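Note sheet for the following structure.
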Amino acid sequence: MNATERDGAQVSTGTTAEATGEAAGIPELVIISGMSGAGRSTAAKCLEDLGWFVVDNLPPALIPTMVDLGARSQGNVARIAVVVDVRGRRFFDNLRESLADLEAKKVKRRVIFLEASDDALVRRFESVRRPHPLQGSGRIVDGIAAERDLLRELRGDADLVIDTSSLNVHELRAKLDAQFAGEEEPELRATVMSFGYKYGLPVDADLVVDCRFLPNPHWVPELRPFTGLNEEVSGYVFNQPGAKEFLDRYTELLQLIAAGYRREGKRYVTIAVGCTGGKHRSVAMSEKLAHRLVSEGVETVVVHRDMGRE
């Protein structure tokens with residue numbers, strides 16, 4: 001991931017003028033923010049390639065003005081993406097006021113927050129030999145800590161949080177393509193991610209499911225080499241007491257949560273399903289849960305974060 005960003009406010013247009021959205025009226029808006037070095041430039045270029053009108057490093061106070069200009073374009077600028085980050089820290093305090101203004105004008109807007117671990121960010125800055133924009137005379141980790149504190153509230157309000165710690169540029173673009181490439185926005189999109197607790201919780205999870213209450217196929221010699229994608233492993237998991245009931249009950253709970261997310265305008269949810277190693281139980285449960293969500297009309301992507309890591 002490229003940790004460097006371009007200096008100054010820069011504007012670019014997408015590769016096609018046939019942007020989707022309403023033919024006239026207020027344009028759709030995406031605000032890209034997050035940690036320096038986490039991939040904001042990559043995200044912006046991806047949306048640009050999908051036909052969005054992209055503005056890099058726009059002061060937050062000017063976002064409503066940008067939307068107004070788009071509304072006057074007679075539908076030629078139907079989708080706008082703006083990158084907001086700590087390079088514009090003199091204006092960053094104005095972001096909440098701008099978001100309130102957009103909400104009052106009923107602007108359809110979403111916030112993407114790009115996250116990464118401290119270790120990943122340090123490696124990226126060291127690889128390009130550039131200082132963190134907030135480190136001053138301190139260390140890179142000092143700048144990262146200051147930025148996390150500054151962005152904490154925005155991260156909590158984000159519609160979509162993407163952890164790029166273990167993603168390369170192509171994988172990040174694939175994630176964004178999956179979210180924005182469609183011509184029509186579904187009501188709700190879900191990512192179901194299996195993971196291993198011994199490798200840490202996914203930082204971008206909205207909901208966490210713990211499957212460690214089920215017997216571990218790891219201790220069954222004939223099942224140990226396989227994963228939860230194997231029919232025998234999946235059968236073993238769901239033949240255990242409570243497994244099917246858990247899946248049924250949690251699916252019902254997700255129906256309730258999804259209805260609330262839709263009412264609140266939240267379009268993306270990441271459900272992290274964990275077991276000890278992220279190989280057997282969590283993988284099998286993730287596959288079944290994703291199938292249930294699809295049957296409920298939720299567009300769903302399955303990611304097995306730690307499968308094959310052992």
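By convention here, the first residue in the shown sequence is residue 1. Since this is a predicted model, take the numbers as computed values, not measurements.
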Query - Closest contact, heavy atoms only, D306 versus G196 - result: OD2-N, 2.7 Å

Requested in this report: Mind running side chain to side chain contact (heavy atoms under 4.5 Å, CB included) on N57 and V83 for me, showing each step along the way?
Outcome: CA-CA 5 Å; N57 197 23; V83 180; 5.8 Å; no

Query raised in the report: Does the side chain of F53 come within less than 4.5 Å of N76's, by heavy atoms?
Result: no

Report summary line: Scanning both residues in full, the closest heavy-atom pair of K279 with F226 reads CE-O, 3.0 Å

Query raised in the report: Does any non-hydrogen side-chain atom of R281 lie less than 4.5 Å from one of T276?
Result: yes

Between side-chain atoms of residues 232-245 and protein atoms elsewhere (two or more places apart, or another chain), which donor-acceptor pairs fall under 3.5 Å?
from	atom 1	to	atom 2	distance (Å)
N239	ND2	G235	O	2.9
Q240	NE2	Y236	O	3.0
E245	OE2	R249	NH2	3.1

Query - Shortest non-hydrogen contact between L229 and E287, atoms and distance - result: CD2-OE2, 3.4 Å

Requested in this report: Could you go through the side chain to side chain contact (heavy atoms under 4.5 Å, CB included) check for V209 and I271 one step at a time?
Outcome: CA-CA 7 Å; V209 182; I271 305 164; 4.0 Å; yes

Query raised in the report: CE/M35 to CZ/R40 distance, rounded to the nearest 0.5 angstrom?
Result: 9.0 Å

Query raised in the report: Does any non-hydrogen side-chain atom of V67 lie less than 4.5 Å from one of K105?
Result: no

Requested in this report: Show your working on salt bridge (Lys or Arg N to Asp or Glu O under 4.0 Å) between E115 and R148 and close with a plain yes or no.
Outcome: CA-CA 9 Å; E115 172 71 277; R148 285 199 192 282; 2.5 Å; yes

Report task. Check whether any side-chain N or O of E171 sits under 3.5 Å from a backbone N or O of N168 as a donor-acceptor pair, and report yes or no. Result -> yes

Report summary line: Closest non-hydrogen contact found for A38 with L114 is CB-O, 3.5 Å

Query raised in the report: Heavy-atom count around E103 CD within 6.0 Å, excluding the residue itself: above 12?
Result: no

Report task. Answer whether the closest heavy-atom distance between the side chains of L254 and E296 falls below 4.5 Å. Result -> no

Report task. Consider only side-chain N and O atoms of R124 and T164, and report whether a donor and an acceptor are under 3.5 Å apart. Result -> yes

Requested in this report: Flag the pair I31 / L154 as yes when at least one side-chain heavy-atom distance between them is below 4.5 Å, and no otherwise.
Outcome: no

Query - L176, L47, D56 screened by side-chain contact (heavy atoms from CB on, under 4.5 Å) with I32, the one that passes - result: L47

Query raised in the report: Between I63 and L95, is a side chain to side chain contact (heavy atoms under 4.5 Å, CB included) present by the stated rule, with each step listed?
Result: CA-CA 9 Å; I63 294 176; L95 179 58; 4.1 Å; yes

Donor-acceptor contacts, no H, no angles, side chain residues 210-222, under 3.5 Å, sequence neighbours left out:
from	atom 1	to	atom 2	distance (Å)
D210	OD1	R212	N	2.9
D210	OD1	R212	NE	3.0
D210	OD2	R212	NE	3.3
D210	OD2	R212	NH2	2.9
N216	OD1	H218	N	2.9

**Report entry** Partner of S36 under side-chain hydrogen bond (donor to acceptor under 3.5 Å, both in side chains), chosen from E147, R130, Q135
**Finding:** E147

Query raised in the report: To the nearest 0.5 Å, what is the distance between CG (D118) and CZ (R123)?
Result: 11.0 Å

Requested in this report: Check whether any side-chain heavy atom of M193 lies under 4.5 Å from a side-chain heavy atom of D204, and answer yes or no.
Outcome: yes

Query raised in the report: When rounded to the nearest 0.5 angstrom, what is the spacing between OG1 in T227 and NE2 in H280?
Result: 7.0 Å

Query - Heavy-atom donor-acceptor pair, S286 side chain to V192 backbone, under 3.5 Å - result: no

**Report entry** For the student: nearest non-hydrogen atoms of A44 and V54, plus distance
**Finding:** O-CG2, 3.6 Å

Query - Linked hydrophobic residues, F195 as query - side chain contacts closer than 4.5 Å - result: Y197, L201, V208

Report summary line: d(I162 CD1, T191 OG1) to nearest 0.5 Å is 8.5 Å

Query - Any side-chain donor near an acceptor of the partner, S117 and D119, under 3.5 Å - result: no

Query raised in the report: Heavy-atom distance under 4.5 Å between the side chains of T300 and H291, does that happen here?
Result: no

Report task. With side chain to side chain contact (heavy atoms under 4.5 Å, CB included) as the test, would you mind laying out the steps for K106 and I26 before giving the verdict? Result -> CA-CA 9 Å; K106 301 187 183 303; I26 300 174; 5.6 Å; no

Query raised in the report: In Å, rounded to the nearest 0.5 Å, how long is the span from CZ of R292 to CG of L289?
Result: 8.5 Å

Query raised in the report: Tell me, do R155 and V161 make a side-chain contact under 4.5 Å, heavy atoms counted?
Result: yes

Query raised in the report: Can R305 be said to sit on top of Y199's aromatic six-ring, NZ or CZ under 6.0 Å from centre and within 45° of the ring axis?
Result: no

Report task. State whether the side chain of D206 and the backbone N or O of T270 hold a donor-acceptor pair below 3.5 Å, judged by distance alone. Result -> yes

